[in-house]
Number of protein chains: 2
Amino acid sequence: MTHIVKCNPKSLNPCHCLNIRRASRAITHFYEKLLEPSGLKVTQYSLLRNLELVEPVSMSVLAKIMRIDRTTLNRNMKPLIISGLITANSGEDLRSKQVILTEAGKAALLNAWPLWDEAQASLEKYVGAAELDAFEKLLSKLEALAL
Amino acid sequence: MTHIVKCNPKSLNPCHCLNIRRASRAITHFYEKLLEPSGLKVTQYSLLRNLELVEPVSMSVLAKIMRIDRTTLNRNMKPLIISGLITANSGEDLRSKQVILTEAGKAALLNAWPLWDEAQASLEKYVGAAELDAFEKLLSKLEALAL
DNA sequence: AAGATATTAGTGTATATACACGTTTAATTC
DNA sequence: GAATTAAACGTGTATATACACTAATATCTT
């Protein structure tokens, strides 16, 4: 993140929206760096991880579980399908597609897990457990803003 | 945000990164909805607003002030240039481009301001001033994670 | 002044996000 | 059972994000 400077002139940006977006980008960058050796993005790791918990599952249901847009999930799945980490095939209901992890997907998940765990633990240490907990509660409340 | 459901089965997603990303999306959605009548996205409003404070300014400097990536700024500027809200022209230093608001840009900003202000105020009311303040402090700290 | 270095911007590529629209298939209604 | 409605998915489009690479220009060094 070469664009971030410690000393930023005239930076009084009180927009709460931009502030959380910036923090979101920073945390994402932090996780991505640590996940880099796995070849997975944090969204991809998350997709695999959620899939592991609920597979086989339709795309719509998976999107709801992950609380992301259905069409975003559709697009995010593509690189994982191409690299053979997941598959999505129609079952009885020809409308829906059942998504599952492949063996390679399970392996990728196992491989990436300690990296993600380190990111997670580092963040907890950086912020502090109690404060992070309060933070997460507020994040939940903010998420509800869009309902 | 049709994909968000109040009752989500098996949703124990402790990934801090995804949590803040979700909250970020939700807040963005909230601001976008309120800004909709202005025809501006929240990033665009922010670009115009920052520009108003520091124009004329080069793209690199503006990116640093806004704490966004230089190339992201470049891309985000394009719709605003096309719709005639800003201009970017080389000055003495032929490498850099000085970005300024057009009259239409100033008008758009004036028009959008009360909408943004309402979003901002609503959020403050929803979260609570004290809690929001603590939240913002933590966001700052998190932003520093990427330095 | 010539060559090396640094600065500034643009673009190719890839992922992330989501709205609007269309298509296919299943379920419901009459 | 035919017509309607609903559900599930895909895609076009637009914005947001950022890394790698390139091109142009300015500055510095000797």
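Residue numbering restarts at 1 for every chain, and letters A, B, ... go by the order of the sequence lines. The figures here come from the full heavy-atom set of this structure, side chains too, leaving out hydrogens, waters and symmetry mates.
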What closest approach, in Å, do [X] and [Y] show between heavy atoms, and which atom pair accounts for it?
X: A/Met66; Y: A/Ser46; answer: CE-OG, 3.2 Å
X: A/Val54; Y: A/Val57; answer: O-CB, 3.7 Å
X: B/Arg49; Y: B/Leu109; answer: N-CD1, 3.8 Å
X: A/Ala119; Y: A/Phe30; answer: O-CE2, 3.6 Å

Protein-nucleotide distance ([X], atom [atom1]; [N], atom [atom2]), rounded to Å:
X: A/Arg25; N: C/dT17; atom1: CZ; atom2: P; answer: 13 Å
X: A/Asp69; N: D/dT13; atom1: CG; atom2: P; answer: 18 Å
X: B/Lys64; N: D/dA18; atom1: NZ; atom2: P; answer: 15 Å
X: B/Met77; N: D/dT15; atom1: CE; atom2: C1'; answer: 15 Å
X: A/Arg21; N: D/dA18; atom1: CZ; atom2: P; answer: 10 Å
X: B/Leu62; N: C/dA9; atom1: CG; atom2: P; answer: 10 Å
X: A/Glu36; N: D/dA20; atom1: CD; atom2: C1'; answer: 13 Å
X: B/Lys97; N: D/dA24; atom1: NZ; atom2: P; answer: 14 Å

Is [X] near enough to [N] that one of its side-chain N or O atoms lies under 4.0 angstrom from OP1 or OP2?
X: A/Arg70; N: D/dA8; value: no
X: A/Asn76; N: C/dT15; value: no
X: B/Ser60; N: C/dA9; value: yes
X: A/Asn74; N: D/dG10; value: yes
X: A/His29; N: D/dC19; value: yes
X: B/Lys41; N: D/dA14; value: no

Problem set entry | Comparing A/Asp93 and A/Gln44 on DNA chain C - which has the more 5′ nearest nucleotide |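 Per heavy-atom nearest nucleotide, the more 5' residue is A/Gln44.
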
Problem set entry | Candidates D/dT25, D/dC9, C/dT8 - which lies nearest the side chain of A/Met59 |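 Taking heavy atoms from C-beta onward, the closest nucleotide is D/dC9.
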
Exercise. Looking at C/dC21, C/dA9, D/dT25, which one has an atom nearest to any side-chain atom of B/Arg95?
Worked result: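 Closest of the options to the side chain of B/Arg95: D/dT25.
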
Problem set entry | Residue-level proximity of residues 78-90 of chain B to DNA chain C when a heavy atom falls under 4.0 Å |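 Those residues are B/Lys78.
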
For this session: Return the 5'-most residue of the pair A/Lys33, A/Val57 with respect to DNA chain D, ranking by each residue's nearest nucleotide.
Result: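 Its nearest nucleotide lies further toward 5', so the answer is A/Val57.
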
Determine the contact category for [X]: base if any of its heavy atoms lies under 4.0 Å from a base atom, sugar-phosphate if only primed atoms, P, OP1 or OP2 are that close, otherwise nothing.
X: B/Ser58; value: sugar-phosphate
X: A/Glu32; value: nothing
X: A/Arg75; value: base
X: A/Glu92; value: sugar-phosphate
X: A/Ser96; value: sugar-phosphate

Please name the residue in the list [options] that meets the side chain to side chain contact (heavy atoms under 4.5 Å, CB included) test with [X].
X: B/Asn50; options: B/Leu73, B/Ile68, B/Val99, B/Ile65; answer: B/Ile65
X: A/His29; options: A/Lys33, A/Glu32, A/Arg25; answer: A/Lys33
X: A/Leu40; options: A/Leu85, A/Leu47, A/Leu115; answer: A/Leu85

Exercise. Using 4.0 Å as the upper bound for N to carboxylate O, is an ion pair formed by A/Arg67 and A/Glu143?
Worked result: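 Salt bridge flag = yes for A/Arg67 with A/Glu143.
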
Problem set entry | Donor-acceptor pair under 3.5 Å, A/Thr71 side chain vs D/dC9 base |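 Not at all, since no donor on one side and acceptor on the other fall under 3.5 Å apart.
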
Problem set entry | Validation row: B/Trp116, B/Leu35 side chains within 4.5 angstrom (heavy atoms) |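 Side chain of B/Trp116 against side chain of B/Leu35, heavy atoms only: contact under 4.5 Å found.
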
